Amino acid sequence: VTPMKSDGSVDFAAAQKLAKYLVADGADGLVVNGTTGESPVTHMDEKVELVRAVKEVVDVPVISGAGSNDTAHTVRMVEQTQEAGADAVLVVMPYYSRPSQDGIVGHYKAVDESAEKPIIVYDVPGRTGLKVKVGTYDRLAELEHVKAVKDAPGDLAAAVEKQQRTGLAWYSGDDGLFLPFLSVGAVGIISVIAHAAAGPMRDLANAFDRGDIHEAQRISVQLAPLVEAMNGNGFQAVMAKASLKVRGILDSTEMRLPNVGPGEAELVRAEKGMRAAGLL
């Protein structure tokens with residue numbers, strides 16, 4: 001999330017505090033300026049400064065969201081967040097415009113030409129309204145800097161085929177599918193619930209890596225109520241801030257419209273989910 005003060009300005013000091021806390025909690029990388037970070041309503045100078053601020057205080061990779069449905073704007077974001085120190089960029093499929101498959105490839109080709117760091121393709125049809133064909137993934141994988149995919153269509157079988165065909169690194173974009181994705185070759189997850197459960201998510205991955213599948217299953221089932229609490233109502237950015245408020249990590253849960261910061265109902269929902277997952 002992007003912490004904000006009561007007047008709606010970005011709280012960079014709180015962002016640094018949060019970044020350090022999440023890494024200490026178990027996160028081995030951080031994404032800033034993503035959807036959960038309210039990227040649609042933060043401005044270029046804020047995005048750049050957020051990358052700089054977080055990079056100053058953590059020694060894990062810092063990935064910056066740098067996606068728009070305007071290719072030229074996306075290219076500028078990629079260039080400037082890279083210059084600020086981002087270790088990679090997360091570039092969402094161009095949303096709302098619903099371009100052709102050639103348009104999708106053209107968008108990423110323009111980004112690739114301006115990139116120096118790895119590009120993670122973010123496929124989330126529930127937000128973009130865009131269906132990306134398997135053959136389009138083949139073309140994206142040919143681009144020099146495209147190295148990974150954040151997969152959120154919720155189609156595990158298709159993810160297997162796309163990963164095998166492209167050889168790209170695959171990240172689950174769905175908290176509830178973390179373990180199934182690991183089982184078919186994913187390398188990790190870009191997570192919402194890790195705001196509340198970075199440690200257990202790390203433990204799940206470690207258990208899977210050492211072949212302790214029953215322990216990985218146990219943790220996955222344990223976290224299921226939290227997955228529902230934070231993702232089930234569709235307001236992930238709101239619920240992530242709610243969870244951090246409940247944990248006592250974030251003082252202000254201010255958000256910029258059109259998102260409205262969590263009220264009592266969301267705070268109760270977050271607390272119940274965390275208690276049910278054994279985190280409080």
Side-chain angles (χ1 to χ4, degrees), residues 1-27 29-68 73 76-78 80-87 89-90 92 127 190-198 226 229-231 233-274 279-280:
V1 302
T2 300
M4 294 176 182
K5 300 176 183 178
S6 58
D7 63 359
S9 61
V10 175
D11 189 337
F12 295 105
Q16 290 181 318
K17 175 185 172 184
L18 173 61
K20 290 189 287 186
Y21 191 95
L22 291 174
V23 171
D25 210 26
L30 297 173
V31 174
V32 298
N33 299 320
T35 312
T36 306
E38 297 178 72
S39 58
V41 295
T42 57
H43 307 301
M44 182 80 87
D45 58 339
E46 294 170 327
K47 288 178 167 67
V48 169
E49 183 57 34
L50 193 59
V51 172
R52 288 199 186 105
V54 172
K55 280 290 291 183
E56 282 179 6
V57 296
V58 298
D59 57 3
V60 300
V62 175
I63 300 161
S64 180
S68 167
H73 183 50
R76 289 193 294 272
M77 279 195 284
V78 167
Q80 293 191 32
T81 53
Q82 281 181 156
E83 289 173 4
D87 297 291
V89 288
L90 178 66
V92 69
R127 290 186 182 274
I190 297 176
S191 169
V192 176
I193 71 165
H195 285 88
L226 182 65
M230 292 184 65
N231 293 282
N233 62 4
F235 307 128
Q236 287 93 341
V238 177
M239 294 307 301
K241 284 194 170 179
S243 73
L244 292 169
K245 177 72 170 180
V246 171
R247 296 184 76 187
I249 300 167
L250 208 60
D251 294 326
S252 170
T253 56
E254 186 71 29
M255 301 183 78
R256 291 180 182 174
L257 291 170
N259 272 315
V260 178
E264 186 62 26
E266 288 78 25
L267 293 170
V268 169
R269 180 185 177 96
E271 182 174 355
K272 285 183 176 178
M274 292 163 71
L279 299 173
L280 292 174

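Treat the numbers as computed from the prediction; the structure is a model and nothing was measured.
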With a 4.5 Å limit on heavy-atom distance, are the side chains of M239 and N233 in contact?
yes
Minimum heavy-atom distance G85-K55, with the two atoms named
O-CE, 3.2 Å
Check against side chain to side chain contact (heavy atoms under 4.5 Å, CB included), V41 and L257:
CA-CA 8 Å; V41 295; L257 291 170; over 6 Å; no
Any salt bridge between R269 and E266, counting N to O under 4.0 Å?
no
Does some side-chain heavy atom of V268 sit less than 4.5 Å from a side-chain heavy atom of K272?
yes
Cationic N near anionic O, under 4.0 Å, R76 to E83
no
Can a donor-acceptor pair be found, under 3.5 Å and without considering hydrogens, that links the side chain of R256 to the backbone of E38?
no
H195 side chain vs V1 backbone, donor-acceptor pair below 3.5 Å
yes
Check whether any side-chain heavy atom of R127 lies under 4.5 Å from a side-chain heavy atom of T35, and answer yes or no.
yes
Are the side chains of S64 and K47 in contact, using a 4.5 Å heavy-atom criterion?
no
With a 3.5 Å distance limit and no angle check, can you tell me whether S9 reaches the backbone of K5 through a side-chain donor-acceptor pair?
no
For the student: nearest non-hydrogen atoms of M77 and S68, plus distance
CE-CB, 3.8 Å
Has D87 got a side-chain atom pairing as donor or acceptor with V62's backbone, closer than 3.5 angstrom?
yes
Counting C-beta onward and ignoring hydrogens, is there a side-chain heavy-atom pair between D11 and S252 closer than 4.5 Å?
no
Would you sort out whether V260 and V238 count as a side chain to side chain contact (heavy atoms under 4.5 Å, CB included), showing the intermediate values?
CA-CA 7 Å; V260 178; V238 177; over 6 Å; no
Chi angles and distances behind the salt bridge (charged side-chain N to carboxylate O under 4.0 Å, His left out) call for D25, R247
CA-CA 12 Å; D25 210 26; R247 296 184 76 187; 3.0 Å; yes
Tell me whether K17 is salt-bridged to D251, with the criterion being a basic N under 4.0 Å from an acidic carboxylate O.
no
Between M4 and E46, is the side chain to side chain contact (heavy atoms under 4.5 Å, CB included) condition met? List the steps.
CA-CA 11 Å; M4 294 176 182; E46 294 170 327; over 6 Å; no
Nearest 0.5 angstrom please: L244 CG to I249 CD1, how far?
5.5 Å
Least distance between heavy atoms, P3 atom then L18 atom:
CG-CD2, 4.2 Å
Heavy atoms only: give me the nearest L226-M274 pair and the separation to one decimal.
CD1-CG, 3.6 Å
Approximate separation, where rounding is to 0.5 Å, of E254 CD and T2 OG1
13.0 Å
Walk me through whether V54 and Q16 qualify under side chain to side chain contact (heavy atoms under 4.5 Å, CB included).
CA-CA 5 Å; V54 172; Q16 290 181 318; 5.6 Å; no
Could you measure the distance from the OG1 atom of T81 to the CZ atom of R52? Nearest 0.5 Å is fine.
10.5 Å
Quick one: closest heavy-atom pair of A27 and A198, and the distance?
N-CB, 3.8 Å
Once you round to the nearest 0.5 Å, how far does CZ of F12 lie from CG of L50?
6.0 Å
Report yes if the side chains of M230 and S243 come closer than 4.5 Å at any heavy-atom pair, otherwise no.
yes
Rounded to the nearest 0.5 angstrom, the CD1-CG distance for I63 and L30 is 8.5 Å
Measuring from L90:CG to N33:CG, what's the distance to the nearest 0.5 Å?
10.0 Å
Mind listing the closest non-hydrogen atom pair of V57 and A19 along with its distance?
CG2-CB, 4.4 Å
